[in-house]
Structure formats: structure tokens, C-alpha cells
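Report on the structure given below.
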Amino acid sequence: MINKSKNHWYDGWFYDKYIAPYQDVTYVQILSMIEKGRRVIDIGCGTGRFIIKVADKAEEAIGIDLSLKNINYAKKLKSRRNIENVDFIHADALHISGLYKERFDYAIVSYVIHEIDISIRTMLINELRKIAKNIIIADFAIPQLLNKRGLLNRTVEFFAGRKHFSNFLSFSRAGGIQGLVNEMNLKIIEERKDTTKTSYIVKVE
Ligand SMILES: C[S@@+](CC[C@H](N)C(=O)[O-])C[C@H]1O[C@@H](n2cnc3c(N)ncnc32)[C@H](O)[C@@H]1O
């Protein structure tokens, strides 16, 4: 079900070429937290870079995103690579349980929590609990270090637009992922940082 579409100026080819590759250090960690042969749904999958990486390992991998530009780009990448066990759907994650009744082993939420309004973060996680046994949440580690990567991250967030930057600031003030885990009393099963120490990844029940 799609209530709305969300589009940013950088969605599509620009995101895939200039932003998504920076998340590879995080994706390495997420991949190591998923066992072989599992069913995975990537929430806010962007242009599908993670889904394409997990396709070899997963039984089935579905990417959903509210940006039609990103989903169309991801579909193009899928057909170029001829991957069978992957699908990309234009959908709103806040209503995902209406679309998928079956339980996934993992719902991945990578760099989505910091960009959505603080009022809907718990709603999103509660929705994902209905469709997945485990949720892997990856996002900026708070506080962001003042290393090269930390400064780059802040700059990218600033240029992503006024609303996006204001959501990033409220994510930081609320303590990032750790703040959300505390607020929702989520049980952390596993946690990682990437090699640049600027992202924090948790697997929760
Ligand atoms: C910063 S990008 C992260 C993309 C990718 N997960 C990554 O790790 O690079 C956040 C994505 O979440 C998507 N998004 C935001 N709110 C959403 C919602 N309610 N439902 C589905 N996707 C959403 C945006 O369209 C965007 O593509």
C-alpha cells in the first residue's frame, strides 16, 4: 500500500554512484550478522546496493522504498545482473504488515531512522516487529567522531535538505540508535561498529 511517495533531489543514479558506496563499510558488518539461506527485507533500500550484495547469501531478498526513483533504479540494476531471488517494491514501510503477512528472518533498516521524523520512529520499529523475527538497525553512531568520515557524514546530512538535517539533529539529540533501543526496551542480541567507527549496528528481537 502506498500512501505517499518520498523523493529527494539526490535519489536514483546520484545516490547510487556518490552516496551508497560509502555505506559498504556498514554493509560488511550487516552481512556478517545474517546467516545463509534466510529471508531478508530491506526497509528503505535506496537504490538496492545492500540487497544486491545479500542476494548470494539469502534465500529471498526484498527491498522496499518510498522513493519511486530509487526503486526504478534498483530494478534496473537487478535486471542488468539477472538476479532471480530479489524483488524491489515501491511501498511505505509504515504499512508494510498490510503487504507482507509472512515472517522474514531479518528486516534491515540501514540509515533510515536518522532521516525520518522522530514521531514515527517507534511506529516503524513496531511495524517491522510484525513481519520479522529480528531487526538489524544500522545508522550513524552518536556522537559522530570528528574524524574524516564523521565530518563527511555531517556535511552530506547538511546538504540533504533542511528537513533531512533537522531529523538528523533530533536523531542525535535523542541518542541515536541507543536512544531508540532504550525508549522501546528492545533486546540487543548482537552489536557492531564499522571500521571507521562512525556507524553503529544492532540486531534486536
Ligand atoms: C538515507 S537512505 C538509505 C538507503 C539505504 N538503506 C542505505 O543504507 O544506503 C533512506 C531511504 O529510506 C527511504 N524511506 C524513508 N521513509 C520511508 C518509508 N516510510 N518507507 C519506505 N522507505 C522510506 C528513503 O526514500 C530513502 O531511500
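Worth saying up front: this structure is predicted, and the values here are computed from it rather than measured. Whatever order the structure lists ligands and atoms in, that order sets their numbers, starting from 1.
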Test salt bridge (charged side-chain N to carboxylate O under 4.0 Å, His left out) applied to Lys133 and Asp105, step by step:
CA-CA 5 Å; Lys133 287 183 203 139; Asp105 295 295; 2.9 Å; yes
Examine His8 against ligand 1 and note whether any of their N/O atoms are separated by less than 3.5 Å.
no
Review point. Is the shortest N/O to N/O distance between Glu115 and ligand 1 below 3.5 Å?
Key: no
Donor on one side chain, acceptor on other, Ser97 and Glu127, under 3.5 Å
yes
Worksheet item: Any N or O of Tyr15 that comes nearer than 3.5 Å to an N or O of ligand 1?
Response: yes
### Message
Quiz question: by atom type and distance under 3.5 Å, do the side chains of Thr26 and Tyr111 form a donor-acceptor pair?
### Response
yes
message = With nothing but distance in play, are any N or O atoms of Ser110 less than 3.5 Å from an N or O of ligand 1?
response = yes
- Task: Could you tell me whether the side chains of Asn182 and Gln178 share a donor-acceptor contact shorter than 3.5 Å?
- Result: yes
dist Ile137:CD1 -> Ile113:CD1 (nearest 0.5 Å) comes out at 6.0 Å
Checking heavy atoms under 4.0 Å, the part of Leu124 that sits near ligand 1 is neither
field: Phe165, CZ: over 12 other non-hydrogen atoms inside 6.0 angstrom
entry: yes
Candidates Tyr10, Tyr111, Phe50, Tyr22; heavy atom nearest atom 1 (C) of ligand 1 found on Tyr111
The answer for which part of Asn70 has a heavy atom under 4.0 Å from ligand 1 is side chain
Could you tell me whether some N/O pair between Leu66 and ligand 1 is separated by less than 3.5 angstrom?
yes
Angle class for the His114/Phe168 ring planes (parallel below 30°, perpendicular above 60°, tilted otherwise)?
perpendicular
key: Plane angle bin for Tyr10 and His8 - parallel if under 30°, tilted between 30 and 60°, otherwise perpendicular   = parallel
Taking only non-hydrogen atoms of Ala91 and a 4.0 Å limit, the atoms of ligand 1 in range are 20 (N), 21 (C)
| query | When you check the side-chain N and O atoms of Tyr106 and Glu35, is any donor under 3.5 Å from an acceptor? | reply | yes
Residue, atom and distance of the protein heavy atom nearest atom 16 (N) of ligand 1 read Ile116 CG2, 3.7 Å
Checklist line | Test of proximity, Gly44 against ligand 1: N or O pairs below 3.5 Å | finding: yes
Note: ligand 1 atoms sitting under 4.0 Å from heavy atoms of Gly46 are 4 (C), 27 (O)
inquiry  = Using a 3.5 Å cut-off on N or O atoms only, is Tyr27 in polar contact with ligand 1?
reply    = yes
Look only at interatomic distance and state if Ala93 has a nitrogen or oxygen under 3.5 Å from any nitrogen or oxygen of ligand 1.
yes
One finds that the ligand 1 atoms under 4.0 Å from a non-hydrogen atom of Ser67 are 25 (O)
From the list Leu94, Ile135, Val204, side chain to side chain contact (heavy atoms under 4.5 Å, CB included) partner of Leu128 resolves to Ile135
The atoms of ligand 1 lying under 4.0 Å from a heavy atom of Val112, numbered in the order shown, are 12 (O)
